[in-house]
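In what follows, chains carry the letters A, B, and so on, assigned in the order in which the sequence lines appear, proteins first and then strands, with residues in each chain numbered from 1.
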There are 2 protein chains.
Amino acid sequence: MTDRKQLVVNKAHQLFMEKGFQATSIQDIIDFSGISKGTFYNYFSSKNELLMAIFTSLHQRIDEERNRLLVGQDPSDLEIFIKQLEMHMEFNRRNKLFTLFEEVFISNDPALKQFLERIQILYIRWIYNRFVDIFGKIKQPFLLDCAIMFTGMLHHNIHFHFLANQMDGNIKKVIRYTVHRIEKMVDEIEISGDQLLKPSILEKWLPDCYTSREALEKKLSGIVLALKKCLTDNKEQLKYLELLDFIQDEIIQAKPPRKYLVQSALFTLGNNQEENWKVELRKLEEIIGEFFSKKENDES
Amino acid sequence: MTDRKQLVVNKAHQLFMEKGFQATSIQDIIDFSGISKGTFYNYFSSKNELLMAIFTSLHQRIDEERNRLLVGQDPSDLEIFIKQLEMHMEFNRRNKLFTLFEEVFISNDPALKQFLERIQILYIRWIYNRFVDIFGKIKQPFLLDCAIMFTGMLHHNIHFHFLANQMDGNIKKVIRYTVHRIEKMVDEIEISGDQLLKPSILEKWLPDCYTSREALEKKLSGIVLALKKCLTDNKEQLKYLELLDFIQDEIIQAKPPRKYLVQSALFTLGNNQEENWKVELRKLEEIIGEFFSKKENDES
DNA sequence: ATCATTTTTGTACAGGCAGTATAATGAATC
DNA sequence: GATTCATTATACTGCCTGTACAAAAATGAT
């Protein structure tokens, strides 16, 4: 994405935050960004497409931050989860994402509609996966229901919390409150055995072409980031940096990745003996392994 | 509201359900309703105002239905509450109210925004009041939080339920599931003693000029309806009908009601000795008493 | 039945927006 | 220096909202 295009995205986001999405005309965006109409339509085919670019951009940033908080931590630690939620909610508040999302949530444009639905499901799935980390695999059958209810509770609680205390209340209390509730509810549901939705439906909702691709890319970049953090500025370690970048590019590129080259690079990465490094490297090996086995399955 | 005006409301609702709110232009509504542009703007000053008329109309119908289900029943009976929810959700589904509401939930028009917020809060308050009926006054301090979380959970559950089973799943299961969850949660929260919002904030959210008026009118019509149902077609009992209608009109009229006339009418209503009648009559006396004492407070 | 008042209609108009088309301008590349 | 490409300015179509107003129709009172 060009700098110029990104500038338009940022300027538009700014206008949407100030005036709302519907109330902002393309003309406004053009004037505010200092570009011509032709350029705008060169970048985006419509206001909706621009909106999607905004969401994508913000979504990526959230995801990076979330992964950063998890790096080198115990994924079953509830406090980490709470920290992630706090970051996410604070981010949403700062960027008026709640408002923006709600304003366009139901749209006539099927493309936008589908796009937003996907974002929402990705969000639910993230919660679900974290719940599996936290509450354990035994409770997995109930955790999709819990993830759905949790997001409903949390967003409603935050909504009315803001209605009550104009912005100056602390969200943290609300998050902790809601997390406490879901903790107890998980136990209760396991005892009752009730289930509404099977977690396997997530795979149906997120077609493989999307999930494996995008989720993989995100996981990948998260782990690579974590690995890079382990590196010092040693000459020795610069080669690891190169290898990491190579692997990430090779997988993300649309062209068929050269499997054995990647594996060889992975093997070399194993030479680094740092503690955190090894943990993260194992994750990297795991998802790359999954990636290739899935790929070969698809081809056969 | 004229028949003609109501016709436009219905026709517009039909179009909104088919094509969505945003995608329907005023011209569409005019053509579909067979009226002229002048007439439209005679009835409504904008599309938003028409939308509010639709919501008001549907909201009234929901409220009537809800009260009808409660008439002569034990308000603490959970099964009645579930029936009310089933009716409401089924009504929403039939009239695509979920969609419509979501589509316009965030609006640039401050009037519409406020209107919708009020509807939402009225809904929360209804749930809250029913929770007080069901779970008892002891748990009152926690029940606003519970009402908020319950609506969040329910709507999210229903949303994803529809996503999973295209319309053909039964909502009833989802409702029961969610009600079960909140039942347990109420107990859990009471033990923990956590509270986010004090129920008294409801009065702040719904300014008196609205609450006392509208809530009163609704309660009133509900109780009067219940009382009318107790009546048979006896000549004897026709006078009660007259008295009931008189009281209702006198209170709802904007002009200052004649207090002593109303009280006398109430006294006469006490002559009927039926069992259900007496229960409902006591409620009637109670809210009318509240109404007058509040009124005198305001005037002093 | 007649007259006055209100409602409705048809039509025209101003102003705004989305999206397209195109010729002119500018800058970087080869 | 020529070519290519993104960018600009501008004009244009078509659709929409909201206003205005005079003619026609319906309503209601006498």
For A:Phe160, enumerate each residue passing the ring pair (Phe, Tyr, Trp, His ring centres under 6.0 Å) test, keeping only those at least two apart in sequence or located in another chain.
A:His156, B:Trp205

Kindly state which residues belonging to residues 13-29 of chain B come within less than 4.0 angstrom of DNA chain C, counting heavy atoms of the residue only, listed by number.
none

Length of the NZ-P vector between B:Lys47 and D:dT17, whole Å
6 Å

Short side-chain N/O contact to D:dA6 OP1/OP2 from A:Arg4, under 4.0 Å:
no

Return the polar atom pairs (N/O with N/O) between nucleotides 10-14 of chain D and the protein under 3.5 Å, or none.
none

Could you tell me how far apart B:Phe44 (CZ) and D:dT19 (C1') are, to the nearest whole angstrom?
18 Å

Once you apply a heavy-atom cut-off of 4.0 Å, does B:Phe40 come out as touching a base, just sugar-phosphate, or nothing?
nothing

B:Asn95 side chain to B:Leu97 main-chain N or O, any donor-acceptor pair under 3.5 Å?
no

Give a yes or no on whether the ring-centroid distance for A:Phe162 and A:Phe98 is below 6.0 angstrom.
no

Heavy-atom donor-acceptor pair, A:Thr151 side chain to A:Ala147 backbone, under 3.5 Å
yes

Which residues pass the ring pair (Phe, Tyr, Trp, His ring centres under 6.0 Å) test with A:Tyr123, not counting sequence neighbours?
A:His88, A:His155

Among side-chain atoms of B:Gln6 and B:Asn10, is any donor-acceptor pair under 3.5 angstrom?
yes

DNA chain C: 5'-most and 3'-most nucleotides touching chain A, 4.0 angstrom heavy-atom criterion:
C:dC17 to C:dT20

State whether the side chain of A:Lys47 and the backbone N or O of A:Phe21 hold a donor-acceptor pair below 3.5 Å, judged by distance alone.
yes

Rounded to whole Å, please give me the gap between CD1 in A:Ile35 and C1' in D:dT8.
11 Å

To the nearest Å, how far apart are B:Ile30 CD1 and D:dC16 C1'?
11 Å

Residues forming a ring pair (Phe, Tyr, Trp, His ring centres under 6.0 Å) with A:Tyr43, sequence neighbours excluded
none

Value for CD (B:Glu90) from CE (B:Met87), rounded to nearest 0.5 Å, stands at 10.5 Å

Exam field: side chain B:Glu117 to backbone B:Lys113, donor-acceptor pair closer than 3.5 Å:
no

Derivation of the salt bridge (Lys or Arg N to Asp or Glu O under 4.0 Å) call for A:Glu242 and A:Lys239
CA-CA 5 Å; A:Glu242 194 184 309; A:Lys239 67 174 181 187; over 6 Å; no

Between A:Thr39 and D:dT8, is there a side-chain N or O to OP1/OP2 distance below 4.0 Å?
yes

